[in-house]
Structures are given as structure tokens and as C-alpha cells.
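All heavy atoms count here, side chains included; hydrogens, waters and symmetry mates do not. Sequential numbering from 1 along the given sequence is applied to the chain's residues.
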Amino acid sequence: MSLKTSIYEHIENIIPKERMLFDEPMSKHTTFRVGGDAACMILIEQEEELLKLVPYLNQIEHEYFILGNGSNLLVGDKGYRGIVIKLGEGMNRIEIEENHIRVQAGALLSRAASAARDAGLSGLEFAAGIPGSIGGGVVMNAGAYDSEMRQITESVKVMDKEGKILILDNDTMEFGYRTSIIKNRPFIVLEVTLCMQPGEKEEIQAKMDELMEKRKSKQPLNYPSAGSTFKRPEGHYAGKLIMDAGMRGYRIGGAQVSDKHCGFIVNTGKATAADVKEVIEEVQARVKERFHITLEPEVIFLGDF
């Protein structure tokens with residue numbers, strides 16, 4: 001029996017076999033719609049499954065990656081040799097109690113925003129058009145239009161690599177621009193508690209509609225992408241730097257700097273992960289040469305390119 005077979009047989013004691021997907025195309029699980037196969041993808045439906053699976057994988061030092069909605073991820077064309085742990089539909093519960101919302105990590109930000117609106121709670125309107133999950137949202141301190149997750153996050157329930165549960169309050173999260181303590185620690189988000197403000201449903205919906213119209217007018221939502229490709233450099237805007245460097249519409253294969261918003265790199269239809277990565281690197285090089293500013297990607301690179 002091979003080591004790999006032994007590992008998967010052990011995992012079958014934790015996860016039903018039908019939720020273990022082998023050679024799974026990652027293009028189906030990322031908003032870029034590119035990427036090779038994951039050697040194995042495991043669909044998690046219960047928190048208890050994570051509590052057993054993750055400590056085991058850490059114990060045997062087997063590589064893994066926690067996946068939400070894949071909205072900030074570029075997987076290489078040659079795929080990923082580790083195990084992708086995808087938070088499934090059983091990890092997207094939303095509970096509301098007075099002005100607090102408890103959201104499991106796998107729930108989409110857009111769904112949480114809608115639930116808040118329906119409950120007459122304000123503060124999450126900015127997230128209605130963000131395609132990521134709440135787990136990824138607090139890890140990255142997702143934000144838009146002068147609002148961020150740190151403004152409404154009361155606490156985050158996480159698990160460490162040994163399976164120990166911790167509750168991190170807002171201060172402990174060390175939120176910063178597109179970062180948090182979880183970016184640099186081996187924590188996995190299980191649940192987020194948000195503290196909201198009471199509001200009128202109609203006003204909340206109007207705000208969501210207003211922000212969505214702004215997105216539609218300024219962002220290339222008709223193409224697959226990972227949203228804003230680069231973090232905003234201090235004192236500058238990435239999109240303007242890219243435009244001023246003459247990179248609007250720059251293209252390699254099917255990957256292109258958006259004509260509509262230079263901060264987005266889009267898949268025009270038949271891009272490979274290598275195409276996207278090359279465009280990112282060329283944009284970085286040109287902006288560095290022209291303005292002596294290093295653009296840092298928001299996108300996470302995973303696997304072999």
C-alpha cells in the first residue's frame with residue numbers, strides 16, 4: 001500500500017468517500033476560472049470534520065489549502081499536489097440575534113449582507129457585491145467604498161493546527177489594510193460574529209443598490225477575475241499607476257489588463273494561469289520601472305505554474 005493510499009484511507013474514516021474528489025479541476029472553484037487539478041479536494045460539511053482532519057494532516061505534514069469561494073486565488077496550470085479543503089454548504093449557517101450576526105466561514109459575503117438587510121441591520125452593505133466568503137473576508141479584512149470587515153467584526157472563532165478552538169476579539173485580530181493576524185498564523189476561520197447597527201430595510205437596500213451600480217459602472221464584472229489584483233500602495237491607486245504606465249489593455253494570451261479598470265486583470269475567455277501570472281509580473285515590472293513603486297498582489301498563488 002502506498003503512503004498516499006494509506007492517507008486517503010485514513011481520511012475516509014473522517015470524511016465520506018463521496019465528498020473526496022480526486023483530480024478535481026480548480027478552474028471550477030476559482031473566480032478566475034483557470035487552474036489545473038487538485039490531487040484531492042475534500043468537501044467539508046461540519047465543523048467537527050475540520051477538527052479531526054486538519055490536526056491529522058498537520059501531524060503527517062501533508063500539504064493542504066483551505067478554500068472558500070476562490071475569489072482571490074490563482075491556481076497554477078499544473079495543479080496543486082496537496083489537499084484542497086473546501087468549506088461546503090454545511091459550513092454556511094447564518095444566525096441573527098438582536099444586532100449580532102453569527103456567520104459560518106463558508107457563507108458568502110453577499111448572502112450575509114442580504115441576511116443583514118432582511119433583519120434590518122446595517123453595516124455590511126459594502127460586501128453585497130464582493131464574491132468571497134466571510135472566512136476569507138475577515139482573513140483579508142475585505143473592504144470597499146471606505147468600509148472594511150474590521151469595522152463590524154466583534155470576534156472570530158478559529159482553530160489552530162492542533163485542533164484547538166480560540167476566540168479572537170477585534171483587537172486581537174490585528175486588522176490592517178487587506179490583512180489580519182490570520183494571514184501570518186496557522187489559524188482556520190470557523191465562524192465570525194458581526195456587530196451591526198439597526199436600520200431601515202429600504203435604506204439598506206438603497207445603499208446596496210447604489211454601491212452595486214458603482215461597481216457595474218467602473219468594474220469589468222462581465223469577465224472572470226479575482227477583483228482588484230493589487231493592493232493599493234500608500235499614497236497611490238494601483239489602477240492609476242498601471243494606466244499611467246501605459247498598461248491599459250495589455251494582454252498575454254487570454255489574460256488582459258482591463259480596459260474598464262486597470263486595477264483588474266481579467267480572463268477574456270481562454271486564459272491560462274500562466275497568462276495571468278505573466279501579466280501580473282509584467283505590470284509589476286513596468287510600474288516599478290516607471291514610478292519606483294512595487295505593486296503587491298492581493299491574489300494568492302497556489303500550486304505549480
Side-chain angles (χ1 to χ4, degrees), residues 15 19-21 24-35 38 40-47 49-51 53-54 57 63-75 80 82-95 101-116 124 126-144 148-150 152-153 156-161 168 173 175 178-194 224-229 273 297-303:
I15 310 293
R19 287 199 265 118
M20 296 173 62
L21 312 178
E24 179 69 5
M26 289 301 292
S27 58
K28 293 167 54 178
H29 301 277
T30 66
T31 57
F32 256 132
R33 297 291 179 256
V34 301
C40 179
M41 175 177 285
I42 295 175
L43 306 180
I44 297 293
E45 297 293 344
Q46 300 177 43
E47 190 175 291
E49 294 171 346
L50 273 179
L51 296 178
L53 177 62
V54 169
L57 294 177
E63 187 177 2
Y64 63 90
F65 181 83
I66 305 295
L67 179 68
N69 198 44
S71 62
N72 220 26
L73 183 66
L74 181 64
V75 181
Y80 178 62
I83 293 175
V84 173
I85 301 174
K86 183 175 174 64
L87 303 185
E89 293 182 2
M91 288 287 293
N92 66 4
R93 186 180 67 250
I94 298 175
E95 297 177 345
I101 302 182
R102 286 190 299 276
V103 189
Q104 282 190 301
L108 293 179
L109 281 162
S110 56
R111 182 166 163 260
S114 296
L124 201 52
F126 74 93
I130 298 177
S133 65
I134 195 85
V138 293
V139 172
M140 295 291 294
N141 187 25
E148 293 178 316
M149 290 302 298
R150 67 173 159 189
I152 54 173
T153 299
V156 181
K157 180 182 177 183
V158 301
M159 178 182 72
D160 68 13
K161 62 182 182 180
L168 309 180
M173 281 293 294
F175 285 121
R178 298 299 175 266
T179 190
S180 71
I181 191 173
I182 303 175
K183 284 274 288 181
N184 304 307
R185 298 283 186 90
F187 293 147
I188 296 172
V189 177
L190 301 176
E191 186 178 274
V192 181
T193 298
L194 306 175
S225 76
S228 297
T229 308
E298 281 193 31
V299 176
I300 297 168
F301 299 90
L302 181 71

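Counting heavy atoms from C-beta on, the side chains of L73 and F65 come closer than 4.5 Å. Side chains of I42 and R19 form no contact here, defined as non-hydrogen atoms less than 4.5 Å apart. Counting heavy atoms from C-beta on, the side chains of I85 and L57 come closer than 4.5 Å. In this structure, the side chains of M41 and L67 come closer than 4.5 Å at one or more pairs of heavy atoms. Inter-residue side-chain proximity for I134 and L194 is flagged as met; some heavy-atom pair is nearer than 4.5 Å. Residues M149 and L109 meet the side-chain proximity criterion, which asks for heavy atoms closer than 4.5 Å. Within the 4.5 Å cutoff, side-chain heavy atoms of F187 are placed close to those of L168. Under the 4.5 Å side-chain criterion, counting only non-hydrogen atoms from C-beta, P224 is not in contact with F32.
Between P131 and S71, the closest heavy-atom pair is CG-CB, 3.9 Å. Minimum heavy-atom separation, R178 to A142: NH1-C, 4.1 Å. Heavy atoms only, all atoms of each residue included: L190 and M91 are closest at O-CE, 4.2 Å. Looking at every heavy atom in both residues, F175 comes nearest to S180 through CD2-CB, 3.9 Å. Across all their heavy atoms, R111 and I94 have their closest contact at NH1-CD1, 3.6 Å. T31 and S225 make their closest contact through OG1-O, 2.7 Å (heavy atoms, listed as atom of the first residue, atom of the second, distance).
Within the model, atoms CD of E47 and CD of Q104 stand 6.5 Å from one another, a figure rounded to the nearest 0.5 Å. Atom-to-atom distance recorded for I44:CD1 and E49:CD is 5.0 Å, nearest 0.5 angstrom. M140 CE to S133 OG: the interatomic distance, rounded to the nearest 0.5 Å, is 11.5 Å. Here CD1 of I83 is found 10.5 Å from CD1 of I66. Values are rounded to the nearest 0.5 Å.
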Next on the checklist: Walk me through whether L50 and L87 qualify under side chain to side chain contact (heavy atoms under 4.5 Å, CB included).
Outcome noted: CA-CA 9 Å; L50 273 179; L87 303 185; 3.9 Å; yes

Item to check | Criterion side chain to side chain contact (heavy atoms under 4.5 Å, CB included) on V34 and L74, from CA distance to verdict | outcome: CA-CA 7 Å; V34 301; L74 181 64; 3.6 Å; yes

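Every residue two or more places apart in sequence or in another chain that forms a salt bridge (charged side-chain N to carboxylate O under 4.0 Å, His left out) with R102 is listed here: E95, E97. Remark: K28 pairs with E24 by the salt bridge (charged side-chain N to carboxylate O under 4.0 Å, His left out) rule, at least two apart or across chains. Listed by chain and number, the residues in a side chain to side chain donor-acceptor pair (under 3.5 Å) with K86 amount to none (sequence neighbours excluded).
Counting only distance, with no hydrogens or angles, the side chain of E63 and the backbone of G82 share no donor-acceptor pair below 3.5 Å. Judged purely by atom type and a 3.5 angstrom limit, R33 uses its side chain to pair as donor or acceptor with the backbone of T30. For the pair N72 (side chain) and E298 (backbone), a donor-acceptor distance under 3.5 Å is present.
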